[in-house]
Amino acid sequence: MSYWLVNSEPEEYSFADLVAEKVGCWDGVRNYQARNNLRAMKMDDLVFFYHSRQGLESVGLAKVVGEAYPDPTAKKGDWSAVDLAPLRLLKKPVSLKAIKAESALQDIALAKNPRLSVMPISEEAFAVIMEMAEETTA
DNA sequence: GCCAACGTTGGC
DNA sequence: GCCAACGTTGGC
């Protein structure tokens with residue numbers, strides 16, 4: 001089992017959109033690193049859904065329900081897409097600021113390179129973020 | 001809206 | 001194959 005974080009501008013494709021669709025096709029990735037990460041996703045891997053540009057926070061949890069296949073939106077080139085299904089909203093969104101402020105998360109890709117739209121998250125980091133998202137007391 | 005960082009492309 | 005320039009993206 002692996003863990004991932006994907007980010008999207010909410011005005012383009014938000015977690016709410018994914019919830020509405022039940023199963024969303026994660027396509028349009030045009031970055032080799034991100035693509036390689038997509039291809040490494042396995043069925044049932046867990047994925048944080050992060051809103052970039054607006055919100056700047058991880059708002060929901062999704063899982064992989066379809067492994068990498070050729071991106072239907074790619075006219076040319078060798079690109080991939082995966083299918084994601086929403087699991088649930090996080091009780092408390094985890095902001096980029098909070099992630100950067102958390103010493104245990106200094107090394108995650110989001111803090112270093114927010115431009116990468118699909119990135120792996122270590123099991124430890126996943127657990128830390130989960131804890132931040134679920135704690136009810138500030 | 002502006003500035004900075006990263007990735008990609010083109011020239012040498 | 002390496003280096004520089006340009007364009008795009010994301011955070012503030």
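Here the structure is a predicted model, which means the values were calculated and not measured. Letters A, B, ... mirror the listed sequences (proteins, then strands); counts begin at 1.
- Here chain A contacts DNA chain B (any atom closer than 4.0 Å to a heavy atom, that is under 4.0 Å), and the contacts span dA5(B) to dT8(B) from 5' to 3'.
- The number of heavy-atom neighbours closer than 6.0 Å to CD of Gln106(A), taken from other residues, nucleotides and ligands shown, is above 12.
- Contact annotation for Lys97(A): no contact, since no heavy-atom pair falls under 4.0 Å across all strands.
- Counting only N and O atoms by type, the side chains of Ser80(A) and Arg39(A) include a donor and acceptor under 3.5 Å apart.
- Applying the ring pair (Phe, Tyr, Trp, His ring centres under 6.0 Å) definition to pairs two or more places apart or across chains, those involving residues 61-120 of chain A are Tyr32(A)-Trp79(A).
- Residues Tyr32(A) and Arg53(A) each lie close to DNA chain B; by heavy-atom proximity, the contact nearer the 5' end of the strand is made by Arg53(A).
- Nucleic acid contact class of Leu56(A) (heavy atoms, under 4.0 Å, all strands): sugar-phosphate only.
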For residues 15-28 of chain A, run the donor-acceptor check on the side chains, cut-off 3.5 Å, and write out each pair with its distance to 0.1 Å, sequence neighbours left out.
unit_1	atom_1	unit_2	atom_2	d
Asp17(A)	OD2	Ser14(A)	N	2.8
Asp17(A)	OD2	Ser14(A)	OG	3.3
Glu21(A)	OE1	Tyr13(A)	OH	3.0

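- In this structure, Phe48(A) has its ring center under 6.0 Å from that of Phe126(A).
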